[in-house]
Protein chains: 2
Amino acid sequence: MSKCEQCIIKQFNSLKSLTKDELVRISACKTSKKIKKGEVIFEEGEMLNGVYCVRDGICKLTKLSENGKDQIVKMVVKGQLLGQRSIISDEASNLQAIALNDMEVCFIPKSEIIADLQKNPKFSFDVLKDMASDLREADDVIVNMAQKSVRQRLAESLIYIHENFGVNPDGTLSILLSREDYASIVGTATESAIRVLSQFKKDGLISTIGKFIKIEDLNGLKRIE
Amino acid sequence: MSKCEQCIIKQFNSLKSLTKDELVRISACKTSKKIKKGEVIFEEGEMLNGVYCVRDGICKLTKLSENGKDQIVKMVVKGQLLGQRSIISDEASNLQAIALNDMEVCFIPKSEIIADLQKNPKFSFDVLKDMASDLREADDVIVNMAQKSVRQRLAESLIYIHENFGVNPDGTLSILLSREDYASIVGTATESAIRVLSQFKKDGLISTIGKFIKIEDLNGLKRIE
DNA sequence: CGAACGCTTGACAGAATTCAAGTCTGGTGG
DNA sequence: CCACCAGACTTGAATTCTGTCAAGCGTTCG
């Protein structure tokens with residue numbers, strides 16, 4: 001099993017603020033795990049007893065709304081942590097995590113994280129910054145959901161994925177999502193999402209290569225109102 | 001000027017985790033401020049150089065969306081802190097704060113808060129918990145905005161206000177909001193909010209006493225789908 | 001008193017959901 | 001190998017929801 005203190009992934013999250021000693025200690029009790037596409041990492045309402053550090057792959061965090069539909073609240077990619085919130089508030093998770101492709105994660109027990117939060121103010125402050133940034137993003141999502149049309153929201157989601165999760169060599173979005181996933185991101189019916197995507201394609205804003213989506217006119221998408 | 005170490009308001013927020021010495025030091029450099037209804041506490045994009053501790057009154061945190069409409073993202077009441085997020089991430093505020101009634105707040109300079117965050121892990125952990133709780137609430141709002149109808153959202157907002165901000169002796173909601181504010185909470189046109197409220201009234205779910213709203217059938221509101 | 005503002009209602013257009021087909025695809029079992 | 005099936009995808013049509021524009025009412029405040 002590889003060692004945390006040598007892992008480059010930690011450069012991208014708050015674990016970078018831990019001392020070498022702390023990393024060695026965590027490394028000793030962490031467990032590595034492979035998760036297959038579609039597999040559930042944790043359920044809504046489940047008590048987490050640790051956090052996950054995503055070494056590879058992508059997952060979606062969803063919440064079941066009262067009308068029975070899943071809403072994708074956030075997507076977590078390589079380099080990010082998963083589950084800090086539930087650990088910190090010491091409550092059951094309010095979200096479900098599902099792998100969108102094959103993943104590799106490290107599981108770090110709750111006790112270790114809590115101990116470091118209490119002892120290492122730099123680490124604690126870094127986590128604080130992460131959460132502040134999450135909150136700011138959440139505010140943006142709230143405003144978009146509340147004020148914009150399905151068409152606008154879908155356009156912005158495509159742009160977000162393009163800019164944050166990157167593209168394949170042929171220019172297609174590196175993340176492969178089903179139509180249902182897209183609908184679940186913008187909070188609409190699957191048919192509505194499909195219709196809007198068809199329209200984007202007809203307008204030359206996007207194209208499809210196999211199941212993948214390629215953005216052809218980024219500025220055109222940005223101009224949608 | 002009153003002293004922080006004797007202030008009971010601090011019992012309701014993370015400041016309760018500060019030591020007596022820290023409170024004395026903060027007390028020495030804080031400034032007390034009265035803010036009138038409708039007054040802006042800080043603007044979106046403004047650099048905050050401290051946090052506000054709300055001693056009395058209520059304010060709304062809004063964000064201007066690209067289509068020019070304000071969205072109410074959160075309401076902050078007596079006992080809560082205002083502006084931690086911007087201080088922590090050291091960025092301009094992403095929200096505007098406006099008093100909904102006459103307020104009394106204490107302003108604590110950024111340097112003091114940051115110093116205490118670095119030195120007092122208990123305080124820092126408490127702030128972390130606050131933000132974790134804010135994030136969870138934000139997730140709920142996202143799902144509601146994305147998946148529910150204007151009618152449902154308005155019903156839930158009324159319930160939220162009723163349960164979290166309390167009622168006057170005659171049973172009316174203690175917070176007085178304009179129709180435009182209600183529209184801005186659920187993210188809809190003012191006319192739409194008015195129409196839904198009228199319908200609620202016609203259905204006997206709510207009544208109005210002067211400008212105040214009184215919930216007549218809480219379970220009825222909860223049953224709306 | 002008049003102007004300004006918030007509140008209310010009507011009418012209509014456009015957006016979005018729902019239900020109901022039908023197509024395409026990859027995988028499975030014969 | 002091929003037929004077939006399940007699931008994802010696509011499109012159409014009817015219905016419902018929501019935003020917008022327009023008009024009128026009531027209150028407050030100068």
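Note on naming: letters A, B, ... go to the chains in the order of the sequence lines (proteins, then strands), and numbering restarts at 1 for each one.
Look at CD on A:Q152: it is 17 Å from P on C:dG14, rounded to the nearest Å. Going from atom CD1 of A:I224 over to atom P of C:dA15 covers 13 Å, rounded to whole Å. Atom CG in A:L177 sits roughly 10 Å away from atom P in D:dC9 (whole-Å rounding). The CG-P distance, from A:L154 to C:dT17, rounds to 12 Å in whole Å. We find that CD of A:E225 is positioned 18 Å from P of C:dG14, with the value rounded to whole Å. Whole-Å rounding puts the B:R151 CZ to C:dA16 P distance at 21 Å. In this entry the distance linking CD1 of A:I194 with C1' of C:dA16 reads 14 Å, nearest Å. Rounded to a whole Å, the CG atom of B:L197 is 10 Å from the P atom of C:dC7.
Distances shown here put every side-chain N or O of B:R195 at or beyond 4.0 Å from the OP1 or OP2 atom of D:dT18. Distances shown here put a side-chain N or O of B:S192 below 4.0 Å from the OP1 or OP2 atom of D:dG19.
The pair B:D90-A:K129 does not count as a salt bridge, with every side-chain nitrogen at least 4.0 angstrom from each carboxylate oxygen. Between B:D102 and B:K34 no salt bridge is recorded (no basic side-chain N to carboxylate O distance below 4.0 Å).
Under the side-chain hydrogen bond (donor to acceptor under 3.5 Å, both in side chains) test applied with B:D139, the options A:Q71, A:R85, A:K63 reduce to a single match, A:R85.
With rounding to the nearest 0.5 Å, the separation of CZ in A:R136 from OG in B:S86 is 6.0 Å. Atom CG of A:N168 sits about 8.0 Å away from atom CG of A:L173, to the nearest 0.5 Å.
The nucleotide whose nearest atom lies closest to any side-chain atom of B:A189 is, among D:dT18, C:dT18, D:dT20, D:dT20.
Across all strands, A:T188 comes closer than 4.0 Å only to sugar-phosphate atoms, never to a base (heavy-atom distances). The residue B:T190 sits apart from the nucleic acid: no heavy atom pair falls under 4.0 Å.
Nearest-nucleotide mapping onto DNA chain C: of A:K148 and A:E191, the residue sitting toward the 5' end is A:K148. Nearest-nucleotide mapping onto DNA chain D: of A:E180 and A:A146, the residue sitting toward the 5' end is A:E180.
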